[in-house]
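This is the structure I have questions about; it appears just below.
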Amino acid sequence: MPHDSPRASLTPTDGAVRVACVSYLNARPLTEDALARLAGGDGVPAIEVVRDVPSAIADRVRQGEAAMGLVPVADLLRGEPALEAWPVGGIACDGPTLTVRLFARKPIEVVRTVAMDTDSHTSVVLSTLLLMRLTGRRPEVMPMAWRQGETTDAGVDALLLIGDKVVTAAPPKWVYPHQLDLGAAWQQWTGLPFVFACWAGRAGEEVGWIAERLDRVRDDNAPRRLELARLLADGHDWPMDLAEAYLTRVLRYEIGPRELAGMRRFAAEAHAAGLVERDEPLVRELASRG
C-alpha cells in the first residue's frame, strides 16, 4: 500500500503522527509494538500512541489532534465531521466481555434508574438498548461520578461500569447482587458479536498507510496475547489468570464480516431507538491483504 502524506495538522512538531487509544488492558494487543512497526525511518513518520478515556477519542480525531483513533462505535454514528471505520482492528466480543457490566440492586427486569460510567458512549447506548428490551421502558440515566474505590450513585437501581475498574473496583455484591454482562446479553439477543470500538479516521481522509501499520501490530500480537497478559496484568491490577483468559479467549481483535454485521445491527437498533443520528456506520473497504 502506498504511503499517503499525512495532513500537516495531524503531525506534531517532532514529526510523529498521533493515533489515540484507550489506556485499558483490553487495548494493549492493538498497540504493543514488539517489532517497532510504529517507529519511523526512511522518510516515513513515526506513529505515536496517545491514551485517553474512550469518550474522548472521537473528539481527538475530529479536531485533528490524532490522525486515527480507537473510536467507540456509537461515536461513528453521530457528530461532524463524520468518522470512517477502518476494519484493521478493534475491541469486540462474541459473548461475555467481563469489563462492561451492569450492577443492580434489584432484578434487571425491574430496573428503572441507572447511574452510568460515561467513559464509554457505546456502552451507555448498548445498556440503554438492552434495558429497553428487558424492561419494556427506557431507563432514566444519569452520569456517575466515579473515583478509585467508590461511586456516587444517588441511590439508583443500577450502575454501569466499564474497563479495568469492573475487575479492580467492582461495587460490593451484597449491595448489587444482580449483574448483567452487556456482551453476553447482546449475543443472546442477536446471535452476533459486539464491537465496542474500532480504528477510525475522518471520512475520506487518506490514512491507509497508518491503518496498514496498525493492522500489522495487531497481527504480530495475535500469538503474543498470553505473553502480554502475563507482562501487563500486574500493572493494571488484574489477577493473572483472569488477564490471561481475557486477552486470549474473551476478546476479539479482528473486525471481520460477523463483527461488521454486529456493528450494523447495533447502528440500526440504536437509530430506531433515537439514541444515535446515523443508522449505519461508514466503513472503508479494504483491498485484499493477501
inquiry  = Are the side chains of Met240 and Arg230 in contact, using a 4.5 Å heavy-atom criterion?
reply    =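 Sidechains of Met240 and Arg230: in contact.
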Same hydrophobic cluster for Val110 and Val156, using side-chain heavy-atom links shorter than 4.5 Å among ILVMFWY?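 In one cluster: no.
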### Message
Looking at every non-hydrogen atom in both residues, tell me the closest pair between Thr97 and Gly183 and how far apart they are.
### Response
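Closest approach of Thr97 to Gly183: CG2-N, 3.9 Å.
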task: Considering non-hydrogen atoms only, spot the tightest contact between Ala203 and Leu282 and give its length.
output: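 Minimum heavy-atom contact is CB-CD1, 3.9 Å.
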| query | When you check the gap from the basic side-chain N to the acidic O, do Arg284 and Glu206 get nearer than 4.0 Å? | reply |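 Counted as a salt bridge, because a side-chain N and a carboxylate O are separated by less than 4.0 Å.
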Enumerate, atom names and distances included, each donor-acceptor pair closer than 3.5 Å involving a side-chain atom of residues 124-134, sequence neighbours excluded.
residue : atom : partner : partner atom : Å
Ser127  : OG   : Ser123  : O            : 2.9
Ser127  : OG   : Val124  : O            : 2.9
Thr128  : OG1  : Val124  : O            : 2.8

- Query: So if you build clusters from Ile, Leu, Val, Met, Phe, Trp, Tyr with side-chain heavy-atom gaps below 4.5 Å, do Leu98 and Leu102 land together?
  - Reply: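 Both belong to a single hydrophobic cluster.
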Does Trp186 reach the main-chain N or O of Pro193 with its side chain, forming a donor-acceptor pair under 3.5 Å?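 Yes; judged by distance alone, with no hydrogens or angles, the pair exists.
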| query | If you take all heavy atoms of Leu161 and Ala169, which pair is closest and at what distance? | reply |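 Here Leu161 and Ala169 meet closest at CD1-O, 4.4 Å.
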Value rounded to 0.5 Å, distance of CG in Asp75 from CG in Asp59
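CG of Asp59 is found 7.5 Å from CG of Asp75.
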Could you walk me through whether Asp237 and Val167 pass the side-chain contact (heavy atoms from CB on, under 4.5 Å) check? CA-CA 8 Å; Asp237 295 325; Val167 172; over 6 Å; no
side-chain contact (heavy atoms from CB on, under 4.5 Å) assessment of Thr122 paired with Phe194: CA-CA 10 Å; Thr122 299; Phe194 190 82; 3.6 Å; yes
**Prompt:** Is it true that Glu277 and Arg78 have a side-chain N and a carboxylate O under 4.0 angstrom from each other?
**Reply:**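 Looking at Glu277 and Arg78, the cut-off is not met.
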Going by the side chain to side chain contact (heavy atoms under 4.5 Å, CB included) test, name the single residue among Val276, Thr190, Leu77, Leu192 that passes it with Phe266.
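By the side chain to side chain contact (heavy atoms under 4.5 Å, CB included) criterion, Phe266 pairs with just one of Val276, Thr190, Leu77, Leu192: Leu77.
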So how far is it from Lys106 NZ to Tyr176 OH, rounded to the nearest 0.5 Å?
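So the NZ of Lys106 and the OH of Tyr176 are separated by 11.5 Å.
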Original post:
Where do Ala233 and Ala243 come nearest, in terms of heavy atoms and distance?
Top reply: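 Heavy atoms of Ala233 and Ala243 come nearest at CB-CB, 3.6 Å.
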I'd like to know if the side chain of Tyr253 pairs up with that of Arg218 as donor and acceptor (distance under 3.5 Å, no hydrogens or angles considered).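 No - no donor-acceptor pair under 3.5 Å links their side chains.
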Can you list, pair by pair, the side-chain donor-acceptor contacts under 3.5 Å of residues 31-38, counting residues two or more places apart and other chains?
residue : atom : partner : partner atom : Å
Thr31   : OG1  : Arg51   : NH2          : 3.1
Glu32   : OE2  : Arg28   : NE           : 2.8
Glu32   : OE2  : Arg28   : NH2          : 2.8
Asp33   : OD1  : Ala36   : N            : 2.9
Asp33   : OD1  : Arg37   : N            : 2.7
Asp33   : OD2  : Arg37   : N            : 2.7
Asp33   : OD2  : Leu38   : N            : 2.6
Arg37   : NE   : Asp220  : OD2          : 2.5

- Item | Basic-acidic side-chain contact under 4.0 Å: Glu227, Arg224 |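 Looking at Glu227 and Arg224, the cut-off is met.
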Closest approach of Pro29 to Leu228 (non-hydrogen atoms, all atoms of both residues) |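 It is CA-CD1, 3.9 Å.
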query = Would you say the side chain of Glu205 lies within less than 4.5 Å of the side chain of Met68, judging by non-hydrogen atoms?
reply =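 When only atoms from C-beta onward are counted, Glu205 and Met68 do not touch, as no gap falls below 4.5 Å.
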**Study point:** Qualifying residues under salt bridge (charged side-chain N to carboxylate O under 4.0 Å, His left out), relative to Asp181, sequence neighbours excluded
**Key:**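 Salt bridge (charged side-chain N to carboxylate O under 4.0 Å, His left out) list for Asp181, sorted by chain: Arg101.
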Can you get from Val49 to Leu231 by hopping between Ile, Leu, Val, Met, Phe, Trp and Tyr side chains that sit under 4.5 Å apart?
->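 Cluster IDs for Val49 and Leu231 match.
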Mind checking whether Thr99 and Trp238 have side chains closer than 4.5 Å, heavy atoms only?
->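 Touching, per the 4.5 Å side-chain cut-off.
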* To do: Test side-chain contact (heavy atoms from CB on, under 4.5 Å) on Cys21 and Trp199 and set out the steps.
  => CA-CA 9 Å; Cys21 187; Trp199 289 118; 4.3 Å; yes
* Is any side-chain heavy atom of Val17 closer than 4.5 Å to a side-chain heavy atom of Ile210? ->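 A side-chain contact exists here, since the closest heavy-atom pair is under 4.5 Å.
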Original post:
When you look at Ile255 and Val88, which way does the side-chain contact (heavy atoms from CB on, under 4.5 Å) test go after all the steps?
Top reply: CA-CA 6 Å; Ile255 305 299; Val88 293; over 6 Å; no
>> If you define the side chain from C-beta out and look only at heavy atoms, does anything of His271 sit under 4.5 Å from Arg278?
In response: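 No; the side chains remain at least 4.5 Å from each other.
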Query raised in the report: Judged by atom type as modelled, is there a donor-acceptor pair below 3.5 Å linking the side chain of Arg213 to the main-chain atoms of Ala39?
Result: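 Indeed, once roles are kept as given, a pair shorter than 3.5 Å links the two residues.
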Point to revise | Ala273 to Arg138 - nearest heavy-atom pair and separation | key: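 Shortest heavy-atom separation between Ala273 and Arg138 comes out as O-NH1, 3.7 Å.
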For the CH2 atom of Trp189 and the CZ atom of Arg265, what is their distance to the nearest 0.5 Å?
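If I round to the nearest 0.5 Å, the distance is 6.0 Å.
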Side chains of Trp209 and Pro45: closer than 4.5 Å at any heavy-atom pair?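 Result yes, sub-4.5 Å side-chain heavy-atom pair found.
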Practice problem: Using a strict cut-off of less than 4.0 Å between a Lys/Arg side-chain nitrogen and an Asp/Glu carboxylate oxygen, indicate whether Arg258 and Asp94 qualify as a salt bridge. | Solution: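 So Arg258 pairs with Asp94 through a salt bridge.
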For Gln188, does the CD atom sit with more than 12 other heavy atoms under 6.0 Å from it, leaving out its own atoms?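 12 or below, so no.
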Query raised in the report: Are Leu251 and Leu242 joined in one hydrophobic group, where the rule is that I, L, V, M, F, W and Y side chains link up if heavy atoms are under 4.5 Å apart?
Result: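 Looking at the clustering, Leu242 is in the same group as Leu251.
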inquiry  = Let me confirm one number: the CG-CZ distance from Leu226 to Arg249, rounded to the nearest 0.5 Å.
reply    =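 With rounding to 0.5 Å, CG (Leu226) is 9.5 Å from CZ (Arg249).
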Where the side chain of Asp157 meets the backbone of Val114, is there a donor-acceptor pair that is under 3.5 Å apart?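 Flag not set: sc Asp157 to bb Val114 has no pair under 3.5 Å.
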- Item | Pairwise side-chain contact, Leu160 with Leu182, heavy-atom cut-off 4.5 Å (strictly under) |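 Yes, their side chains come closer than 4.5 Å.
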Worksheet item: So, do Pro96 and Val250 sit near enough that their side-chain heavy atoms are less than 4.5 Å apart?
Response: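 Counting from C-beta outward, Pro96 and Val250 never come under 4.5 Å.
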(Q) According to a hydrophobic-cluster definition based on side-chain heavy atoms being under 4.5 Å apart (Ile, Leu, Val, Met, Phe, Trp, Tyr only), do Val50 and Ile91 belong together? (A)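 No, it is not one cluster - the side chains of Val50 and Ile91 are not joined through contacts under 4.5 Å.
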* Can you measure from NE2 (His236) to OH (Tyr246) and round to the nearest 0.5 angstrom? =>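 Those atoms lie 10.5 Å apart.
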Open item on the list: Would you compute the distance between atom OH of Tyr24 and atom CG of Leu70 and round it to the nearest 0.5 angstrom?
Closed with: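 Interatomic distance, Tyr24 OH to Leu70 CG, rounded to 0.5 Å: 11.5 Å.
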message = salt bridge (charged side-chain N to carboxylate O under 4.0 Å, His left out) for Arg252 and Glu259? Distances and angles first, verdict last.
response = CA-CA 9 Å; Arg252 303 166 72 94; Glu259 287 73 29; 2.8 Å; yes
*Arg202/Glu84 salt bridge by N-O under 4.0 Å criterion*: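 The answer is no: the pair does not qualify as a salt bridge.
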More than 12 foreign heavy atoms under 6.0 Å from CD of Glu254: is that the case here?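 Check fails, neighbour count at 12 or below.
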Note: Glu140-Arg112 ion pair, threshold 4.0 Å (strictly below):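 No, this pair does not count.
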